[in-house]
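Everything below concerns the one structure shown next.
Letters go in sequence order (proteins before strands), and every chain restarts at 1. It should be emphasised that the depicted structure is a prediction, and the values quoted were computed from it without experimental measurement.
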There are 2 protein chains.
Amino acid sequence: MDPHLLRTYLTVARLASFSEAARTLGYTQSAVSQHIAALEADLGLPLLTRRPVGPTPAGERLLEHAGSLLLRLDAARADLARFAAAPRETLTLVAAPLALSPHALAALPATGVTLRTLPRDEVPAAVATGDADLGLVDGIAAPSDPLRLPDVAPYTARRVAEEPLAVVLPAGHPLAGRPGLRLADLVDARWLDAPGAAFPLDRLRAAHAGPAGHGFRPALRYEGTDARTVAALAAAGHGLALLPFSAAAGIPGAAAVPLTAPRLVHRTELLRPNGEPTGLAAELIARLGAPPPATR
Amino acid sequence: MDPHLLRTYLTVARLASFSEAARTLGYTQSAVSQHIAALEADLGLPLLTRRPVGPTPAGERLLEHAGSLLLRLDAARADLARFAAAPRETLTLVAAPLALSPHALAALPATGVTLRTLPRDEVPAAVATGDADLGLVDGIAAPSDPLRLPDVAPYTARRVAEEPLAVVLPAGHPLAGRPGLRLADLVDARWLDAPGAAFPLDRLRAAHAGPAGHGFRPALRYEGTDARTVAALAAAGHGLALLPFSAAAGIPGAAAVPLTAPRLVHRTELLRPNGEPTGLAAELIARLGAPPPATR
DNA sequence: GTGGCTTACGACACCCGTAACAATA
DNA sequence: TATTGTTACGGGTGTCGTAAGCCAC
């Protein structure tokens with residue numbers, strides 16, 4: 001189970017072709033063929049069907065492991081590389097779309113920071129592999145509960161902000177006048193399916209904690225990352241949306257009704273590699289700073 | 001960053017000796033020396049001090065990564081090996097001490113099961129690496145909240161039981177008569193430090209969610225895994241203990257007072273490798289079975 | 001001087017590329 | 001027959017063990 005072999009296996013499975021994978025990796029087809037053969041011999045199992053090329057059941061299983069394995073390997077190398085490198089003048093901050101609260105934006109220093117936004121679940125990996133120095137992620141959690149983040153590497157997460165959640169509905173909606181709404185009352189409604197900008201619907205199903213599987217039927221799907229667009233879509237009656245209150249308020253034609261039950265908040269956390277932060281990173285951490293850190 | 005090199009690095013760091021590591025791994029000292037040199041050359045950093053042998057700061061960092069990396073590698077290999085192996089007649093179940101509720105014990109089939117108990121945080125690794133086929137872990141969580149388990153490998157966790165928590169105090173204790181107790185009122189008390197049988201004290205500090213760091217001062221330390229002993233120690237006045245109600249009740253000289261705030265339960269989950277369970281495992285899962293599974 | 005890590009060197013295995021082969025569409 | 005994966009073979013690289021050096025106690 002040499003990482004090289006895993007990497008070629010992953011590439012072959014992704015591209016569904018030995019020759020394409022060879023081109024991508026800078027090997028000959030022959031070498032790729034030998035890699036796969038070696039892996040199959042090592043594990044004693046066929047991993048790929050040939051012609052057409054695709055993973056066998058065992059291969060599917062290996063795919064689940066190989067990705068995170070290689071990711072962690074990259075993360076380890078990047079973490080050690082940071083140790084050797086001289087402290088840099090500039091710094092990259094990646095953020096999930098909804099993690100950029102006005103407060104966070106105001107806290108950015110004038111110069112030296114590059115900001116990039118990424119889908120929510122790619123942020124931890126970006127920080128782990130050193131693609132970014134710091135990351136802002138958001139999510140739904142019980143008040144003062146840490147987010148559940150994938151542990152692709154040992155990093156430190158620190159609370160940056162918590163704010164209430166709001167359900168966005170058209171201003172004319174029968175429930176729009178309510179002072180608060182309960183998730184349980186909205187299980188059967190149509191919801192905007194906007195995993196990039198709002199939250200994946202199965203996240204809502206999990207939060208609802210009812211009998212799993214059903215409810216929260218998807219209406220229109222939106223693949224962008226702009227929360228304002230989601231709110232506007234909700235205002236136009238394309239489906240409900242759950243957003244942090246600050247992102248939901250002030251949309252023309254929309255009503256933002258606080259979510260009262262279950263007791264959940266929109267939380268954002270700052271991710272950074274373990275260890276002492278360098279100059280500019282330390283400054284940014286302090287500016288965004290908030291309560292005590294929790295290492296994982 | 002060949003896994004072999006990581007393995008020898010880990011061994012050398014653990015044993016603080018090149019020659020000992022060589023004996024353990026079946027290499028010569030020379031080979032070990034070359035491994036370390038190769039790793040240091042690859043990363044461009046010194047990882048170990050010689051004479052005495054110990055990790056440098058960068059080496060410390062690598063240790064954090066290397067362990068889980070190799071664990072995941074083992075887990076992947078074990079998972080694939082299961083695919084090749086014939087379904088077995090016998091099955092190993094590992095359980096954390098407090099995860100064995102009377103209900104769970106009653107559900108075990110008459111034959112074919114080997115039961116082993118392990119410290120709480122070794123259970124997921126045991127299931128991942130195939131040392132065990134199924135695992136029972138317990139922990140403290142908000143009602144109907146899944147446990148926070150380390151994701152050493154892709155496995156499936158399924159709720160088996162939830163029950164209230166109780167504070168155990170001596171029968172004569174001033175608070176013993178109360179109908180319920182709040183964790184906040186007990187921050188300044190002395191607590192038994194019994195991470196094996198009860199819960200690590202920093203777990204309590206986290207649950208309390210107050211200003212981190214202090215509170216829940218440790219009294220006597222108990223390193224065994226017997227909950228009954230912990231309860232008896234609490235009865236004898238050696239410090240408070242938090243236990244699942246069923247484990248806390250019925251101890252002579254002890255009062256078990258339900259914990260009322262924060263709203264927490266003792267939850268136990270069944271861990272199994274992803275994929276279709278085989279015959280005997282499927283039976284056990286069904287017997288212990290409860291509500292819907294959640295894959296991670 | 002002894003124990004323990006490093007370096008030099010040689011044998012062997014492994015890995016990749018070239019090239020001939022096989023199988024599928 | 002064209003394309004794509006497999007197999008055979010040869011050269012280069014890497015890895016391990018033996019043995020000699022080096023350094024600290």
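Atom C1' of nucleotide D:dC25 and atom CZ of B:R50 are separated by 18 Å, given to the nearest angstrom. Protein atom CD of A:Q34 is 11 Å distant from nucleotide atom C1' of D:dC9, rounded to whole Å. Summarising the geometry, the separation between OH on A:Y27 and C1' on D:dT4 is reported as 20 Å, rounded to the nearest angstrom. Rounded to an integer number of Å, the gap from B:D42 CG to D:dG14 P is 12 Å. Rounded to whole angstrom, the span from the CG atom of B:D2 across to the C1' atom of C:dC15 amounts to 14 Å. Atom CG in B:L5 sits about 11 Å away from atom C1' in D:dG14, given to the nearest Å. In this structure, the CD atom of B:Q29 is 15 Å from the C1' atom of D:dC22, given to the nearest Å. One interatomic measurement links the two molecules: NE2 of B:H35 to P of C:dT6, which rounds to 13 Å at whole-angstrom precision.
Position along DNA chain C of the nearest nucleotide to A:S30 versus B:S19 favours B:S19 as the more 5'-ward residue.
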For this session: Take A:E122 and A:R120 through the test salt bridge (Lys or Arg N to Asp or Glu O under 4.0 Å) and record every step on the way to the result.
Result: CA-CA 6 Å; A:E122 292 177 21; A:R120 184 177 293 113; over 6 Å; no

For this session: Begin from the C-alpha positions of A:Y27 and A:H35 and carry the test ring-ring contact (aromatic ring centres under 6.0 Å, His included) through to its verdict.
Result: CA-CA 10 Å; A:Y27 288 125; A:H35 277 192; 5.1 Å; yes

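Residues B:L136 and B:V94 have side chains not in contact (no heavy-atom distance under 4.5 Å, counting atoms from C-beta outward).
There is no side-chain donor-acceptor pair under 3.5 Å between A:R116 and A:T92.
The residue B:V32 sits apart from the nucleic acid: no heavy atom pair falls under 4.0 Å.
Taking 4.0 angstrom as the limit, B:S33 places a side-chain polar atom (N or O) nearer than this to OP1 or OP2 of C:dT6. Residue B:H4 places none of its side-chain N or O atoms closer than 4.0 Å to OP1 or OP2 of D:dT15.
Residue A:R51 places no side-chain atom within donor-acceptor reach of the base of C:dT24, judged by atom type and a 3.5 Å distance cut-off alone.
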